[in-house]
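Every chain is numbered from 1 and lettered A, B, ... according to where its sequence line falls, protein lines coming before strand lines.
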Protein chains: 4
Amino acid sequence: MRNASPPTGRTGRPRSAAADAAILAATRDALVELGWSKLTMGDVSTRAGVAKTTLYRRWAGKNELVVDAVAELFDSLELPDRGSLEADIEDVVLQFAALLRRPEARTALMAVVAESTRDEALRDRIRSAIVDRQKRLVVLGRERAQARGELPYEEDEELACRTTDLIFDVIAGTVVHRALVSSEPVDELWVATFTALLMHGLQGPAPA
Amino acid sequence: MRNASPPTGRTGRPRSAAADAAILAATRDALVELGWSKLTMGDVSTRAGVAKTTLYRRWAGKNELVVDAVAELFDSLELPDRGSLEADIEDVVLQFAALLRRPEARTALMAVVAESTRDEALRDRIRSAIVDRQKRLVVLGRERAQARGELPYEEDEELACRTTDLIFDVIAGTVVHRALVSSEPVDELWVATFTALLMHGLQGPAPA
Amino acid sequence: MRNASPPTGRTGRPRSAAADAAILAATRDALVELGWSKLTMGDVSTRAGVAKTTLYRRWAGKNELVVDAVAELFDSLELPDRGSLEADIEDVVLQFAALLRRPEARTALMAVVAESTRDEALRDRIRSAIVDRQKRLVVLGRERAQARGELPYEEDEELACRTTDLIFDVIAGTVVHRALVSSEPVDELWVATFTALLMHGLQGPAPA
Amino acid sequence: MRNASPPTGRTGRPRSAAADAAILAATRDALVELGWSKLTMGDVSTRAGVAKTTLYRRWAGKNELVVDAVAELFDSLELPDRGSLEADIEDVVLQFAALLRRPEARTALMAVVAESTRDEALRDRIRSAIVDRQKRLVVLGRERAQARGELPYEEDEELACRTTDLIFDVIAGTVVHRALVSSEPVDELWVATFTALLMHGLQGPAPA
DNA sequence: CACTAATCGAGACGGTACGTCGAGTCTTAAA
DNA sequence: TTTAAGACTCGACGTACCGTCTCGATTAGTG
């Protein structure tokens, strides 16, 4: 998530640390008000009280800036222990849905994914700044469920990893699709139905 | 999927039907070569051998044009009868994954969804041109499975409808997330695993 | 001043005579409201309640249309017999100044002259529709002055002609320059001063 | 003749001085080749090797740009001392006629005057950039003639001023009308005749 | 009376230029 | 060396008119 550092030399005026924070906050504000496509670098720099050059010295462009500005929103997701796997899933799905109701998150997430379809570096940045960071939730949920005896321990390391990825894609993908593509509400009724489906899927015989 | 019709009645030179087709084809070509963000209206009009004004007379902007251009790609999806629900699902998931490997589809789909987060009209257009049209596949698959005895008949009309929506979001969302967000391949092994999960989920007790 | 006639054939629907008048009137109205540069053919056709094709069937373009629309304004100039050459000149200069206060005349005259600097045909059209037509005033004034004994008869035909042209250029040019370039008022005091200058010039010895 | 200055004070990159000259030169070139009505801002910017925005940052539009570009052509007019008022006038009239034979001058002068009939600011700009600047020639000619004893000293300041204006309008207006409206050549014969007329006019009794 | 041929309105068509906006870079002086 | 300020080049935007074209619908005179 870190952006390019000063070239290394130690002399000269040091970079303002406050500027970084101001820029990211300004970016989020602008996303809320304007959305991705109408957000401009000039506007962000004005809001942050910073020159455009300062901004370009730290981020390569709009995409990189927005990924960084948005990524930390996803860090707010947590997995409180609700006592059962089913309850844990419902909880995190509702948190995720709430996050996707924030305009800066919904608009930015889809936009950077769209850009990343033609930009390898951006794809990596998204994967490391967002995807991989949130897989921790799936791993943690599985461990708790195993400790509770709700799920068996999986000894095949690679199979466990594939299952983690699958579950992550099913949960995140389904919620995003429901909220942003189908444009339907992610309410408690729907979450309960979805979670039930997922629970049954997970409790079936071990996948191939 | 139809764009705005000529406002008035019968007089005046009629709109060229050929232009519509040429413009949509040019749009898809441009998406392949340039991607969403570098696609320009001027370039599309040039490729189509059409004046820019002709293009704006028929579509309000880039978003609307691209939704129409891409929507018909999705019409190529079919649900051949493979003899079992599981096989049918695997088949259509692979088709969908193949579609998402086409650059014009992957870049455009996410981009218009991103734009739609701030544009009610665009959201409706996406829903009617893409989402609702492809739900037919889920409905058809369910009917075949019921005919085969794989799934029970559901008498509660509204419940059936909610289930259709859920399954659609799970399948489409998961595949899109795997392919475009996680950036992992949708290969036969993964499809089999995912389908197995889904089958177990469906065969569990009726959802709430 | 006449515009292109129907190709010669006698059959077919004849051109509407009313349309011509409506178009020229609409052109003058538009000149008053918009000035030369913002006058558009489409706007004129709308004002005249006529299709654009009808307009182009009769005039080649904006320049030709405006010359015709404006030329007849200049026909309103007259040379009443005020009893002396000096009084006659003052009278016609004031008339001309009044004409140049009309917005459609001031804007159109200069504009078509500007266009004519690069368009031989337009130059001819201006000369025949405006310049030559108004020289009659100079000729008439000279004849009256000669009858009164204010000016000698000139027997050299060609010299008389050159003198007519010179006086026309001096009067028209000076008034136009005062009104439109220097942007100063052409009031009675100025007219008296100018006429006095001109009278002395004319009463000097015969030019070379 | 100066165009709008940078609004604020001292910070930021200063405007390129070279650009100003390049743009004005390019404008004159374009006027020669294309004439007023086919001159485009985009073309001027290309010729000058400058971005269109740079051009608009300095001039409000085509009119203002052309006035500035043409004004300095008029600065080339000079009043050499030929020994008599009559000879001085003949000389400057011939210079002015030569200037009006240059395509960029003839087309642009009339065009901006035409535009100025509907634009107060442009009228002022023409007056200050062209009219007032060239009146110096009349003033200088009068002073020389007075020194030679050809003309009396005028003590009434305001009357002298009005006379200066009148002579300027007579000379400039007549020559322009001859050259551009009547479309007749301004040759030595015509100039001699015109100058003779003017000399007699000036030597008559003092105007009212 | 039907036929013929040019007219009429409406408005879509391919173009060209408009004047504005944003991207990303560069050049100042100040810190 | 970074900073704020702002001018720079470039390229796309969406609009406005241009002058042409294609329609269906009127109008005459002619056959």
Side-chain angles (χ1 to χ4, degrees), chain A residues 6-7 9-16 19 37-46 48-62, chain B residues 6-16 19 37-43 45-46 48-58 60-62, chain C residues 6-16 19 38-46 49-62, chain D residues 6-16 19 37-43 45-46 49-58 60-62:
Chain A
R10 65 194 63 73
T11 81
R13 176 171 170 175
R15 286 195 180 168
S16 157
S37 63
K38 292 186 181 167
L39 175 148
T40 70
M41 297 298 268
D43 183 57
V44 169
S45 73
T46 303
V50 139
K52 239 188 334 169
T53 35
T54 302
L55 210 154
Y56 278 107
R57 207 173 287 117
R58 300 173 189 215
W59 285 275
K62 192 164 145 174
Chain B
T8 59
R10 60 213 56 67
T11 74
R13 177 173 173 176
R15 289 194 179 166
S16 159
S37 63
K38 291 186 182 166
L39 176 148
T40 70
M41 297 297 267
D43 183 58
S45 72
T46 302
V50 141
K52 223 175 6 156
T53 40
T54 298
L55 210 153
Y56 279 108
R57 206 175 288 121
R58 301 174 187 214
K62 191 164 142 173
Chain C
T8 53
R10 65 199 63 72
T11 80
R13 178 173 172 173
R15 288 194 180 165
S16 158
K38 291 184 182 168
L39 176 148
T40 70
M41 297 297 267
D43 183 56
V44 169
S45 73
T46 303
V50 139
K52 236 187 336 169
T53 35
T54 300
L55 210 153
Y56 277 107
R57 210 174 284 118
R58 301 173 189 214
W59 285 275
K62 191 164 143 173
Chain D
T8 58
R10 61 214 53 71
T11 73
R13 175 173 174 175
R15 289 194 179 166
S16 159
S37 65
K38 291 185 183 167
L39 175 149
T40 70
M41 297 298 266
D43 183 57
S45 72
T46 303
V50 140
K52 224 178 357 160
T53 41
T54 297
L55 210 152
Y56 279 108
R57 206 175 289 119
R58 300 172 187 219
K62 191 165 144 173

Query - Nearest non-hydrogen partners of C/Arg58 and C/Ser16, listed with the distance - result: NH1-O, 3.0 Å
Report task. Verify the contact: side-chain N or O of C/Arg15 to OP1 or OP2 of E/dC8, cut-off strictly under 4.0 Å; return yes or no. Result -> no
Report task. Report the residue (B/Thr54 or C/Val50) whose heavy-atom-nearest nucleotide on DNA chain E is the more 5′ of the two. Result -> C/Val50
Query raised in the report: Heavy-atom distance under 4.5 Å between the side chains of A/Trp59 and A/Met41, does that happen here?
Result: no
Requested in this report: Check the distance between E/dG11's P and C/Leu55's CG and give it to me in whole angstrom.
Outcome: 17 Å
**Report entry** Interatomic spacing from OG1 in D/Thr40 to NZ in D/Lys62 - rounded to 0.5 Å
**Finding:** 7.5 Å
Query raised in the report: Roughly how many Å is it from CZ in D/Arg57 to P in E/dG19, rounded to a whole number?
Result: 16 Å
Report summary line: Protein-proximity profile, nucleotides 17-23 of chain F, B/S/- by nucleotide at the 4.0 Å heavy-atom cutoff, equals BSBBBB-
Query raised in the report: Reckon C/Ser16 has a side-chain N or O less than 4.0 Å from the OP1 or OP2 of E/dC8?
Result: no
Query raised in the report: Between D/Val50 and D/Leu55, what is the shortest heavy-atom contact and its length?
Result: CG1-N, 4.4 Å
